[in-house]
Amino acid sequence: MKIIIADDHVLVRKGVKLILTEAYVDLHLEEASDGEDLLCKVKHERWDVIISDIAMPGRPLMEIMKEIRQAAPKTPILIVSSYPAEQYAMRFIKAGASCYLTKESAPEELVKAIEILRTGKRYFTQDVVELLTAVVDDSETGEPHTKLTDREFEVLKELTSGKTVTEISSRFAVSKNTISIYKTKILEKLQMTNTADLIRYSVEKGL
């Protein structure tokens, strides 16, 4: 079995590697330090499972996911993130992820998820199941930030973490004017007037 692990923290990669080498005998593991590195390796080799963090340097993984899905449409992607499920799980599942685990998950759950993904099925934890059920039960309601597009949500996170428009435009490789347009759309959708309002909202919602 071939698995690739993408995370910008060496200790996290080594920790996941240790868990998997203890669980599997016939295993080939490789590591990637960011999304671009992951994409390059996915394009050049076939993998049975892709394990990836979402908060890595460079382009957001949400964007790179689209290219990964094109390069390896049948390879399951297992997201292991420090962000709680309610923040990102639904977005990444819609983007093609087969599983969303938090880094607080038990090692046994990671192995269990991989076993299920290898059968061609997806694996959802209880908190993700509850999110999916909420969407099915009432798709028209929800927190205002759930109405943001994936790019708008990423820009919101950057703005409320203290990044300037210039810094954000550099990360996303777009013009400052484009980021300003995203900011305007975010303010309109959340019915707010300035960045301070966005920060207060993000703190209240645990974003």
Side-chain angles (χ1 to χ4, degrees), residues 1-21 24 27-85 87-103 105 110-111 113-124 128 148-158 161 163 166-175 178-179 182:
M1 180 168 60
K2 292 179 62 178
I3 296 179
I4 184 167
I5 306 164
D7 196 295
D8 58 323
H9 294 97
V10 177
L11 284 176
V12 173
R13 297 200 304 269
K14 297 302 181 185
V16 174
K17 190 173 183 178
L18 179 61
I19 292 169
L20 298 184
T21 52
Y24 300 103
L27 179 66
H28 172 71
L29 282 172
E30 284 198 25
E31 302 174 27
S33 58
D34 57 45
E36 297 293 352
D37 187 18
L38 172 62
L39 177 60
C40 180
K41 290 179 177 177
V42 168
K43 284 183 175 179
H44 289 88
E45 289 188 61
R46 184 191 66 80
W47 303 94
D48 293 303
V49 179
I50 297 168
I51 299 176
S52 181
D53 185 20
I54 62 177
M56 297 184 286
R59 283 196 298 153
L61 184 68
M62 184 65 71
E63 288 187 9
I64 297 175
M65 278 270 293
K66 299 173 184 177
E67 297 175 57
I68 292 175
R69 286 273 60 109
Q70 292 175 349
K74 295 183 179 180
T75 305
I77 300 174
L78 194 167
I79 300 297
V80 180
S81 173
S82 58
Y83 294 107
Q87 288 190 25
Y88 274 109
M90 292 304 300
R91 293 181 183 274
F92 274 93
I93 289 169
K94 289 178 181 178
S98 300
C99 177
Y100 188 100
L101 297 179
T102 64
K103 291 182 178 178
S105 301
L110 175 63
V111 175
I114 291 173
E115 285 298 296
I116 291 176
L117 298 188
R118 292 177 66 193
T119 69
K121 299 178 181 179
R122 294 191 289 179
Y123 177 76
F124 299 137
V128 172
L148 300 176
T149 65
D150 292 332
R151 172 53 69 85
E152 289 168 351
F153 187 70
E154 290 288 350
V155 171
L156 171 65
K157 298 271 287 189
E158 296 290 324
S161 68
K163 299 289 180 60
T166 301
E167 290 172 328
I168 300 170
S169 66
S170 177
R171 184 186 180 194
F172 292 126
V174 298
S175 69
T178 298
I179 297 300
Y182 279 123

Side chain to side chain, [X] and [Y], heavy atoms closer than 4.5 Å:
{"X": "Val16", "Y": "Ile5", "result": "yes"}
{"X": "Thr75", "Y": "Val49", "result": "no"}
{"X": "Val80", "Y": "Leu78", "result": "yes"}

Quick one: pull up [atom1] in [X] and [atom2] in [Y] and give me the separation to the nearest 0.5 Å.
{"X": "Ile93", "Y": "Ile79", "atom1": "CD1", "atom2": "CD1", "value": "10.0 Å"}
{"X": "Ser98", "Y": "Phe124", "atom1": "OG", "atom2": "CZ", "value": "8.0 Å"}
{"X": "Ile50", "Y": "Ile77", "atom1": "CD1", "atom2": "CD1", "value": "5.0 Å"}
{"X": "Lys2", "Y": "Leu27", "atom1": "NZ", "atom2": "CG", "value": "11.0 Å"}
{"X": "Leu39", "Y": "Leu61", "atom1": "CG", "atom2": "CG", "value": "10.0 Å"}
{"X": "Tyr182", "Y": "Glu154", "atom1": "OH", "atom2": "CD", "value": "11.0 Å"}

- Under the side-chain contact (heavy atoms from CB on, under 4.5 Å) criterion, do Val155 and Ile179 qualify, and how do the steps go? CA-CA 8 Å; Val155 171; Ile179 297 300; 4.3 Å; yes
Between [X] (side chain) and [Y] (backbone), is there a donor-acceptor pair under 3.5 Å?
{"X": "Ser105", "Y": "Leu101", "answer": "no"}
{"X": "Arg13", "Y": "Ser33", "answer": "no"}
{"X": "Ser170", "Y": "Glu167", "answer": "no"}

- Item | With Arg171 via side chain to side chain donor-acceptor pair (under 3.5 Å) - residues at least two apart |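 Scan of Arg171 (side chain to side chain donor-acceptor pair (under 3.5 Å), adjacent residues dropped) gives Glu158.
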- Task: Quick one: do Lys74 and Arg69 satisfy side-chain contact (heavy atoms from CB on, under 4.5 Å)? Show the steps, please.
- Result: CA-CA 8 Å; Lys74 295 183 179 180; Arg69 286 273 60 109; over 6 Å; no
- Message: What verdict does the side-chain contact (heavy atoms from CB on, under 4.5 Å) test give for Leu29 and Ile4, after you've listed the backbone C-alpha separation in whole Å, the side-chain angles of each residue and the deciding distance to 0.1 Å?
- Response: CA-CA 6 Å; Leu29 282 172; Ile4 184 167; over 6 Å; no
Non-hydrogen atoms of [X] and [Y] that approach each other most closely:
{"X": "Arg46", "Y": "Asp48", "answer": "NH1-OD1, 3.0 Å"}
{"X": "Val42", "Y": "Ala72", "answer": "CG1-CB, 3.8 Å"}
{"X": "Phe92", "Y": "Ile54", "answer": "CZ-CG2, 3.4 Å"}
{"X": "Tyr100", "Y": "Ala89", "answer": "CD1-CA, 3.6 Å"}
{"X": "Asp53", "Y": "Ser81", "answer": "OD1-CA, 3.8 Å"}
{"X": "Thr102", "Y": "Tyr83", "answer": "CG2-O, 3.7 Å"}

- Cation over ring, Arg91 on Phe153, under 6.0 Å and within 45°?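 Yes, Arg91 lies over the aromatic ring of Phe153.
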- Item | Electrostatic pair Glu152-Lys157, nearest N-O below 4.0 angstrom |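 Salt bridge absent between Glu152 and Lys157.
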- Message: Could you walk me through whether Glu36 and Lys41 satisfy the salt bridge (Lys or Arg N to Asp or Glu O under 4.0 Å) test, starting with their C-alpha distance in whole Å, then the side-chain angles of each, then the deciding distance to 0.1 Å, before giving a yes or no?
- Response: CA-CA 9 Å; Glu36 297 293 352; Lys41 290 179 177 177; over 6 Å; no
- Task: Begin from the C-alpha positions of Thr166 and Ser169 and carry the test side chain to side chain donor-acceptor pair (under 3.5 Å) through to its verdict.
- Result: CA-CA 5 Å; Thr166 301; Ser169 66; 5.3 Å; no
- Using the salt bridge (Lys or Arg N to Asp or Glu O under 4.0 Å) rule, take Lys103 and Asp7 through it: C-alpha gap first, then chi angles, then the decisive distance, then the call. CA-CA 12 Å; Lys103 291 182 178 178; Asp7 196 295; 3.0 Å; yes
- Task: Please step through side-chain contact (heavy atoms from CB on, under 4.5 Å) for the pair Ile68 and Ile64, ending with a clear verdict.
- Result: CA-CA 6 Å; Ile68 292 175; Ile64 297 175; 3.8 Å; yes
- Do other residues, nucleotides or ligands put more than 12 heavy atoms under 6.0 Å from His28 NE2?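 More than 12 within 6.0 Å, yes.
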